[in-house]
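Keep in mind that this is a model prediction, so the values were computed, not measured.
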Amino acid sequence: MANARIVNTPSQAIPQTGVSHAQVTISSTAAAICSSLNADTTHVFVQFTGANARVTFDGSTNPTTSLGFQYPDGSTAYWTRIMALKAKAIRDDSTDVVVEVQELNYL
C-alpha cells in the first residue's frame, strides 16, 4: 500500500518497542522536551502535569511566559517526530512542569 506509513489518528500508533516511558521536568529555563528519539519512533504522546507550560516548535526560538503555545496543566498532545525533536518548553509560572513522554510507532 503506497500510504501505509501515513498515521491518520492516534489509534494507529502503538508504544515504540524497547523504549521506556519517560518524564521530563521543565523549569524556568527553556529546554528541549525530547533531545533524542529511537530511530523507529514516528510520533510522541505527551502530557503536561503540575502546571502550565509554553512550547515552541521551530527548534531555535526559546519559549517564554508570554511566547509559545500554551499547554495547560493536564493537557495532552500527539506530536510528529519532527515536532517532538524541535519542541522547547518552559514553565508558565513558578511551578515546575513534568512532561510525561511516550514514543510511538505506526501499526
Side-chain angles (χ1 to χ4, degrees):
M1 178 185 294
N3 293 326
R5 296 185 70 114
I6 294 174
V7 177
N8 295 315
T9 67
S11 64
Q12 290 180 297
I14 58 174
Q16 177 62 38
T17 302
V19 178
S20 300
H21 179 91
Q23 289 184 317
V24 178
T25 300
I26 302 299
S27 64
S28 60
T29 302
I33 294 176
C34 300
S35 56
S36 66
L37 296 172
N38 181 288
D40 294 325
T41 295
T42 60
H43 293 78
V44 175
F45 185 68
V46 294
Q47 181 180 33
F48 295 81
T49 60
N52 298 344
R54 294 273 182 165
V55 180
T56 57
F57 293 99
D58 65 3
S60 59
T61 304
N62 286 331
T64 67
T65 57
S66 61
L67 174 70
F69 297 96
Q70 187 179 54
Y71 284 86
D73 180 17
S75 63
T76 60
Y78 182 71
W79 295 337
T80 65
R81 175 186 185 84
I82 293 170
M83 288 176 74
L85 288 171
K86 291 188 174 195
K88 290 184 177 185
I90 193 169
R91 67 184 188 201
D92 205 16
D93 53 29
S94 61
T95 303
D96 285 354
V97 178
V98 174
V99 183
E100 306 287 342
V101 180
Q102 182 65 57
E103 294 183 40
L104 304 171
N105 197 340
Y106 63 91
L107 286 173

(message) Counting C-beta onward and ignoring hydrogens, is there a side-chain heavy-atom pair between Thr42 and Arg81 closer than 4.5 Å?
(response) no
(request) Work out which heavy atom in Ser75 is nearest to a heavy atom in Pro72; give both atom names and the distance. (result) OG-O, 2.7 Å
(message) Is there a continuous path of hydrophobic side-chain contacts, each under 4.5 Å between heavy atoms, that joins Val97 to Val44?
(response) yes
(request) Look at the side chain of Gln16 and the backbone N and O of Asn38, then say whether any donor-acceptor pair between them is shorter than 3.5 Å. (result) no
(message) Quick check: closest heavy atoms across Val19 and Gln102, and the distance to 0.1 Å?
(response) O-NE2, 3.8 Å
(message) Using 0.5 Å steps for rounding, measure from the CG atom of Leu37 to the CD1 atom of Ile82.
(response) 11.0 Å
(message) Check for me, please, whether Phe69 and Val98 land in the same ILVMFWY cluster - side-chain distances under 4.5 Å, paths through other members count.
(response) no
(request) Quick one: do His43 and Thr80 satisfy side-chain contact (heavy atoms from CB on, under 4.5 Å)? Show the steps, please. (result) CA-CA 4 Å; His43 293 78; Thr80 65; 4.2 Å; yes
(request) Determine, using the 4.5 Å side-chain heavy-atom cutoff (strictly less than), whether Phe48 and Met83 are members of one ILVMFWY cluster. (result) yes
(request) Over 60° means perpendicular and under 30° means parallel, so classify the ring planes of Tyr71 and Phe57, tilted if in between. (result) perpendicular
(request) Check the surroundings of atom NZ in Lys86: do more than 12 heavy atoms from other residues, nucleotides or ligands lie under 6.0 Å from it? (result) no
(request) Compare every heavy atom of Ser28 with every heavy atom of Ile90, then report the nearest pair and how far apart it is. (result) CD1-O, 3.3 Å
(request) Would you sort out whether Ile26 and Val24 count as a side-chain contact (heavy atoms from CB on, under 4.5 Å), showing the intermediate values? (result) CA-CA 6 Å; Ile26 302 299; Val24 178; 4.0 Å; yes
(message) Do Leu85 and Val101 sit in one hydrophobic cluster, given that two such residues count as connected whenever their side-chain heavy atoms are within less than 4.5 Å of each other, even indirectly?
(response) yes
(request) Measure from the side-chain N and O atoms of Thr56 to the backbone N and O of Thr61, and report whether any donor-acceptor pair falls under 3.5 Å. (result) yes
(request) For residues Val55 and Ala87, report the shortest heavy-atom separation together with the two atoms involved. (result) CG1-CB, 4.0 Å
(message) Let me confirm one number: the CG-CZ distance from Asp96 to Arg91, rounded to the nearest 0.5 Å.
(response) 5.0 Å
(request) Give the intermediate values and the outcome of side-chain contact (heavy atoms from CB on, under 4.5 Å) for residues Asn105 and Thr17. (result) CA-CA 8 Å; Asn105 197 340; Thr17 302; over 6 Å; no
(message) Could you measure the distance from the OG atom of Ser36 to the CD atom of Glu103? Nearest 0.5 Å is fine.
(response) 7.5 Å
(message) Looking at every non-hydrogen atom in both residues, tell me the closest pair between Asp73 and Asn52 and how far apart they are.
(response) N-OD1, 2.9 Å
(message) Ignoring hydrogens, what is the shortest heavy-atom contact between Asp93 and Thr95? Give both atom names and the distance.
(response) OD1-N, 3.1 Å
(request) Mind running side-chain contact (heavy atoms from CB on, under 4.5 Å) on Trp79 and Ile33 for me, showing each step along the way? (result) CA-CA 12 Å; Trp79 295 337; Ile33 294 176; 3.6 Å; yes
